[in-house]
Amino acid sequence: MQIGIVGLGRMGGNIAVRLTRHGHDVVVYDRDNAAVEKTVARAEAGRATGATSLADVVARLNGPKKIVWSMLPAGDITEETVMSLAGLMAQGDIVIDGGNTYYKDDIRRAKILAEKGIDYLDIGTSGGVWGLKRGYCMMYGGAKDAADYIDPILAALAPGMGDIPRTPDRDREGLDPRAEQGYLYCGPAGSGHFVKMVHNGIEYGMMQAFAEGFDVMYRKDSPLLAEDERFSLNMADIAEVWRRGSVVSSWLLDLTAQALANNSELSKFSGEVSDSGEGRWTIEAAIEEAVPVPVMTAALFTRFRSRSDNTFAEKVLSAMRFGFGGHVENKG
């Protein structure tokens, strides 16, 4: 298939390249022309074409339906891009937002585009800077026929089953086999980004638990303790041993172990931890539903506090965020 990719940052460029490596053709555009040139150079020969504007992207697409995937930060730039595409594309075409958009914005945009006969799909995309190699876990919503139409695109981006053992009883009727491949149709417009939003809220809590645990161990040689109760513990070795058969083993722990093996003091991280929006939105949704989420709320508030006073725990958080998403700490 052929698809346009708008926004060639940490994830957008890799999405475009991965598609070309799986036999698809891409038309790519970014306001930074250097990003366009770099993506075309990395792609499979002859399968990526650079564009100079959104109009140029649409003009270079062919086939019965034109498909454009926006991979831009949530907010004004995505709003402007989606609305511009709505004016450039025709009935039957498909606009995809793969960024971390607020799901209520998806619901609104889908209604606007539906009036023009254009299908809008929201795709919550997880995989960070590792997606090119590992594939992307995707949760998506919107018109079912449009979602089915782009299934070859999603299958190419998804990680597949890999070496993860099958979950018992997955053959039961009513379960979507695509979930085992790492992508899932969630329902109407907004549902994909809603599921991804909660995913990121959970991520906040998991990261915070690891960070606090390592901080407790890191400070076990504190002079506040009785001398015979002080232990000098090796954080890198503990992270490594937990990776091997422990019930807390996970990709987040893998990233922590990698960072600690490189520098056990995590001295290149200040511990000033940003939040990208999804944690806040998850808590807002929980308030609307009257669902208690104390762990995620505490994790979000800890990120706020980290911007004025940092601990080893926040350095662990920063190391994990850099590991999975290439997130660089704010220096301002």
Side-chain angles (χ1 to χ4, degrees), residues 1-22 24-62 66-89 93-102 105-106 109 120-136 138 153 156-157 193 196 200 274-278 318 321-332:
M1 298 182 75
Q2 186 192 39
I3 183 172
I5 306 291
V6 177
L8 305 174
R10 288 191 298 260
M11 292 180 68
N14 282 346
I15 284 173
V17 172
R18 184 173 173 90
L19 286 173
T20 66
R21 293 180 180 177
H22 286 76
H24 297 284
D25 296 317
V26 298
V27 178
V28 297
Y29 170 66
D30 192 282
R31 291 180 179 179
D32 180 2
N33 189 58
V36 175
E37 294 176 352
K38 181 179 179 180
T39 302
V40 172
R42 292 168 57 218
E44 290 295 301
R47 290 203 171 275
T49 303
T52 58
S53 66
L54 290 178
D56 192 29
V57 171
V58 175
R60 290 177 181 272
L61 295 172
N62 50 50
K66 296 187 176 185
I67 310 166
V68 179
W69 181 313
S70 170
M71 201 65 190
L72 296 165
D76 291 343
I77 188 170
T78 293
E79 181 76 14
E80 293 168 6
T81 298
V82 170
M83 292 304 137
S84 295
L85 289 170
L88 294 167
M89 299 174 77
D93 291 342
I94 300 172
V95 174
I96 300 167
D97 177 10
N100 285 326
T101 287
Y102 186 41
D105 288 333
D106 292 313
R109 291 173 189 158
Y120 176 91
L121 298 175
D122 55 287
I123 302 183
T125 311
S126 181
V129 295
W130 296 89
L132 176 60
K133 179 179 180 180
R134 293 167 57 112
Y136 298 91
M138 293 169 290
I153 295 290
L157 292 173
H193 275 147
K196 175 58 162 54
N200 282 27
S274 299
D275 67 287
S276 53
E278 294 87 354
S318 287
R321 292 185 83 244
F322 178 77
F324 68 72
H327 301 290
V328 178
E329 294 174 335
N330 291 330
K331 301 300 182 183

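- Residues meeting the side-chain hydrogen bond (donor to acceptor under 3.5 Å, both in side chains) test with Arg42, sequence neighbours left out: Asn14.
- Listed here is the closest heavy atom pair of Ala74 and Asn100: CB-O, 3.2 Å.
- For the atom pair CD1 (Ile96) and OH (Tyr120), the distance works out to 10.5 Å, reported to the nearest 0.5 Å.
- Taking the side chain as every heavy atom from C-beta outward, Leu19 and Ile5 approach each other to under 4.5 Å.
- The side-chain contact (heavy atoms from CB on, under 4.5 Å) test applied to Asp56 returns Ala51, Thr52, Ser53, Arg60, not counting sequence neighbours.
- Separation of atoms CD1 (Ile3) and CD1 (Ile67) is listed at 5.5 Å; rounding is to 0.5 Å.
- Within the structure, salt bridge (charged side-chain N to carboxylate O under 4.0 Å, His left out) contacts touching residues 67-87 (residues at least two apart or in different chains) are Arg31-Glu80, Glu79-Arg108, Glu79-Arg109.
- Remark: Ile15 CD1 to Leu8 CG distance equals 10.0 Å, nearest 0.5 Å.
- When all heavy atoms of Thr81 and Ser70 are compared, the pair lying nearest together is CG2-OG, 4.1 Å.
- Ser318 is linked by a side-chain hydrogen bond (donor to acceptor under 3.5 Å, both in side chains) to Glu329, counting only residues two or more places apart in sequence or in another chain.
- Looking at Trp130, its side chain does come within 3.5 Å of a backbone N or O of Gly323 through a donor-acceptor pair.
- Annotation: ring-ring contact (aromatic ring centres under 6.0 Å, His included) contacts of His327 (sequence neighbours excluded): Phe324.
- Side-chain atoms of Asp122 never come within 3.5 Å of backbone atoms of Asp106 as a donor-acceptor pair (strictly under, hydrogens ignored).
- The side-chain hydrogen bond (donor to acceptor under 3.5 Å, both in side chains) check on Asp25 picks up Arg47, with sequence neighbours excluded.
- Judged as a salt bridge (charged side-chain N to carboxylate O under 4.0 Å, His left out), not a single pair has a partner in residues 2-20 (not counting sequence neighbours).
- Taking CH2 from Trp69 and OG1 from Thr125, the interatomic distance works out to 4.5 Å, rounded to the nearest 0.5 Å.
- Rounded to the nearest 0.5 Å, atoms NE2 (His22) and CD1 (Ile153) are 11.0 Å apart.
- In this structure, the side chain of Thr78 does not engage the main chain of Gly75 through any donor-acceptor pair within 3.5 Å.
- By the 4.5 Å heavy-atom criterion applied to side chains, Thr49 and Val40 are not counted as neighbours.
- Gly98 approaches Met71 most closely through the heavy-atom pair O-CE, 3.1 Å.
- Taking CG of Leu157 as the reference point, atom CE of Met11 lies at 9.5 Å (rounded to 0.5 Å).
- Contacts of Lys66 classified as side-chain hydrogen bond (donor to acceptor under 3.5 Å, both in side chains), with partners at least two apart in sequence or in another chain: none.
- Here Asp32 pairs with nothing under the salt bridge (charged side-chain N to carboxylate O under 4.0 Å, His left out) rule; sequence neighbours left out.
- No donor-acceptor pair under 3.5 Å is formed between the side chain of His193 and the backbone N or O of Tyr102.
- For Ser84, the side-chain contact (heavy atoms from CB on, under 4.5 Å) test picks out Leu54, with sequence neighbours left out.
- Judged by distance alone, with hydrogens and angles left aside, the side-chain atoms of Glu278 form no donor-acceptor pair with the main-chain N or O of Lys196 at under 3.5 Å.
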